[in-house]
Amino acid sequence: MRSRDSDINHRPNIPPTDWYRSLTAAGLREPAVHGPARHWLQVEGSFTRALQKRCSRSFQVEVRQEGFATPTREEALRLAIPHRQYAWIREVSLCGDGEPWVLARTVIPLDCLEGEGRRLLHLGNRPLGAYLFSSPHWQRGPLETGLCQPESPDQPRLARRSLFTGHNSALLVGEYLLPALLGTAAL
Ligand SMILES: C=C(O[C@@H]1C=C(C(=O)O)C=C[C@H]1O)C(=O)O
């Protein structure tokens with residue numbers, strides 16, 4: 001996978017994460033899901049749009065790395081693809097007012113890249129959400145809640161994830177909330 005930033009190792013990374021079917025189920029293990037993160041863990045519709053509304057100045061997608069790579073075994077299981085099969089994996093920072101607020105990791109299996117899906121290889125700094133929500137083709141499945149195991153205070157502790165299903169294919173979008181997002185003005 002190619003990296004767009006030589007200094008990526010000095011920026012918060014995505015920690016190992018356990019996924020729960022619902023916010024309530026995750027809340028039994030981690031009551032913090034009911035704190036300031038709760039709103040973000042439950043946002044329906046485009047997460048990009050919700051973040052843009054929170055910005056006072058600017059919103060940007062920064063590609064951290066993207067390319068063909070093998071998903072984790074757990075991701076492959078969730079997507080029902082063979083775990084050694086390559087997928088297009090895209091990791092970005094979603095930045096509000098110049099600060100990273102969310103890390104996102106999207107696993108896009110080969111099936112999704114056929115036909116008009118080839119556009120997914122060339123998103124660059126354009127948000128994936130704009131593509132997914134502009135087409136009636138893609139339907140979002142239920143949101144899962146993730147409890148992360150951060151190794152440093154700048155890493156995410158909580159996350160959300162869902163499958164987007166197209167005609168015969170599905171992709172998996174995970175969004176990891178950085179502490180800076182949870183420090184933004186109360187709702
Ligand atoms: C799925 C969405 O797209 C957002 C944009 C992403 C990207 O550009 O890679 C990744 C995750 C999202 O939060 C959304 O807006 O809901």
Side-chain angles (χ1 to χ4, degrees), residues 1-5 8 11-15 17 19 23 33 36-55 58-69 71-72 75 78-79 86-113 116-146 148 155-167 169-182 184:
M1 204 177 339
R2 69 181 182 271
S3 166
R4 291 281 170 85
D5 190 334
I8 201 158
R11 299 159 70 204
N13 282 321
I14 295 175
T17 303
W19 295 100
L23 187 117
V33 303
R38 187 183 168 103
H39 166 75
W40 297 108
L41 293 172
Q42 292 186 305
V43 162
E44 297 283 347
S46 170
F47 202 56
T48 305
R49 287 293 300 136
L51 291 168
Q52 281 169 333
K53 282 193 205 149
R54 179 57 64 87
C55 296
S58 63
F59 174 82
Q60 266 178 301
V61 175
E62 280 178 14
V63 178
R64 292 162 56 89
Q65 50 188 348
E66 64 181 341
F68 285 105
T72 66
E75 287 168 337
R78 190 74 189 78
L79 283 159
Y86 275 111
W88 183 256
I89 301 185
R90 169 175 164 90
E91 289 190 7
V92 302
S93 304
L94 306 177
C95 304
D97 297 333
E99 208 178 355
W101 281 355
V102 173
L103 303 180
R105 173 176 164 93
T106 304
V107 181
I108 307 174
L110 299 178
D111 286 355
C112 296
L113 298 170
E116 87 150 54
R118 288 183 63 76
R119 285 166 55 194
L120 291 165
L121 298 170
H122 307 289
L123 286 174
N125 292 344
R126 280 165 301 168
L128 171 70
Y131 171 84
L132 293 176
F133 288 96
S134 67
S135 156
H137 174 84
W138 293 100
Q139 301 292 327
R140 165 181 260 151
L143 278 169
E144 294 172 67
T145 300
C148 311
Q155 286 192 336
R157 307 183 71 82
L158 299 171
R160 45 180 270 150
R161 181 172 85 166
S162 47
L163 277 180
F164 283 80
T165 308
H167 289 315
S169 52
L171 54 82
L172 185 62
V173 180
E175 294 146 333
Y176 299 77
L177 314 184
L178 288 167
L181 174 68
L182 305 179
T184 59

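One is the number of the first residue; the rest follow in order along the sequence. For the numbers below, each heavy atom of this structure counts, side chains included, while hydrogens, waters and symmetry mates do not. First listed ligand is number 1; within each ligand, the first listed atom is number 1. No experiment lies behind these values; they were computed from the predicted model shown.
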The atoms of ligand 1 lying under 4.0 Å from a heavy atom of A104, numbered in the order shown, are 10 (C), 11 (C)

Ranked by distance from atom 14 (C) of ligand 1, the top protein heavy atom is F47 N, 3.4 Å

With a cut-off of 4.0 Å, which atoms of ligand 1 are near a heavy atom of S46?
14 (C), 15 (O), 16 (O)

For L94, the atoms of ligand 1 under 4.0 Å from one of its heavy atoms are 13 (O)

Check R90 against ligand 1 and report side chain, backbone, both or neither, counting heavy atoms closer than 4.0 Å.
side chain

So the atoms of ligand 1 within less than 4.0 Å of a heavy atom of V92 turn out to be 7 (C), 9 (O)

Atoms of ligand 1 less than 4.0 Å from F133 heavy atoms?
14 (C), 16 (O)

Name the orientation class of the two ring planes belonging to F47 and W40 (parallel below 30°, tilted from 30 to 60°, perpendicular beyond 60°).
perpendicular

Side chain of S93, backbone of C95: donor and acceptor closer than 3.5 Å?
no

What's the shortest heavy-atom distance between R90 and L128, and which atoms?
NH2-N, 4.2 Å

Element-labelled atoms of ligand 1 that are located less than 4.0 Å from some non-hydrogen atom of P127:
8 (O)

Compare N125, L123, L128 and give the one whose heavy atom is closest to atom 6 (C) of ligand 1.
L128

Output yes when a side-chain donor or acceptor of R54 lies under 3.5 Å from a complementary backbone atom of L51, and no otherwise.
no

among protein heavy atoms, the one nearest atom 13 (O) of ligand 1 is E175 OE2, 2.6 Å

Look at the side chain of D97 and the backbone N and O of S58, then say whether any donor-acceptor pair between them is shorter than 3.5 Å.
yes

R140 side-chain N/O to G45 backbone N/O, donor-acceptor pair under 3.5 Å:
yes

Identify, by atom number and element, the atoms of ligand 1 in contact range of V173, meaning under 4.0 Å from any of its heavy atoms.
1 (C), 11 (C)

For ligand 1, which part of T48 has a heavy atom less than 4.0 Å away: the side chain, the backbone, both, or neither?
both

Protein contact of atom 2 (C) of ligand 1 - nearest heavy atom, named by residue and atom, plus distance
G129 CA, 3.4 Å

Could R78 and W19 be counted as a cation-pi pair, given that NZ or CZ must be under 6.0 Å from the ring centre and within 45° of the axis?
no

